[in-house]
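I have placed the structure first, in the form of structure tokens, so that the comments after it can refer back to it.
Remember, it's a predicted structure, so these values are computed and weren't measured experimentally. Scope of the values below: all heavy atoms of this structure, side chains included, with no hydrogens, waters or symmetry mates.
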Amino acid sequence: EIPLRLVGSEMCIRDRQKGDEEAVTVTASHTPASASTDFGLIDSDGTFYPVRANNGSINQTIRIDIRGNYTFAIRNNSSYTVNVFGFVNY
């Protein structure tokens, strides 16, 4: 189950159909850099597959090998607001 503290709605990819060996590449940064954030995909069952950002940035490719609908999400694990800037390529 995903906590309610998700940020970055302008980076949302809603209900993309993904198949074998497809990938989503995330290149982003956030401020403050000390914040803890997870970037990832949520499957149709609500399971979140996160990748943790380090020192305020992320440049990762998330591989998808199970066909289904996925939503891109950013989870803010900190107790304060973060600003996220970047790109998602799929």
- Item | Worked verdict on Thr31 versus Val82 for side chain to side chain contact (heavy atoms under 4.5 Å, CB included) | CA-CA 6 Å; Thr31 58; Val82 298; over 6 Å; no
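In terms of heavy-atom proximity, Phe39 sits nearest to Ala53 at CE1-CB, 3.8 Å. Between Pro32 and Tyr80, the shortest heavy-atom distance links the atoms CG-CE1, 3.5 Å.
Among Thr61, Ile64, Asn89, the one residue that satisfies the side-chain contact (heavy atoms from CB on, under 4.5 Å) test with Val24 is Ile64. Of the residues listed (Thr71, Leu41, Ile42), the one engaging Phe48 in a side-chain contact (heavy atoms from CB on, under 4.5 Å) is Ile42, and it is the only one.
Distance check: His30 NE2 to Thr81 OG1 gives 13.0 Å after rounding to the nearest 0.5 Å. In this structure, CZ on Arg52 lies 8.0 Å from OG1 on Thr37, to the nearest 0.5 angstrom. Note: Tyr70 OH to Asp43 CG = 6.0 Å, rounded to the nearest 0.5 Å. Between the OG1 atom of Thr25 and the CG atom of Asn59 there is a distance of 8.0 Å, given to the nearest 0.5 Å.
Counting only heavy atoms from C-beta outward, the side chains of Asp38 and Asn77 approach each other to under 4.5 Å. With a 4.5 Å cut-off on side-chain heavy atoms, Phe72 and Val26 count as touching.
Distance alone, capped at 3.5 Å, is enough to place a donor-acceptor pair between the Ser78 side chain and the Ser36 backbone.
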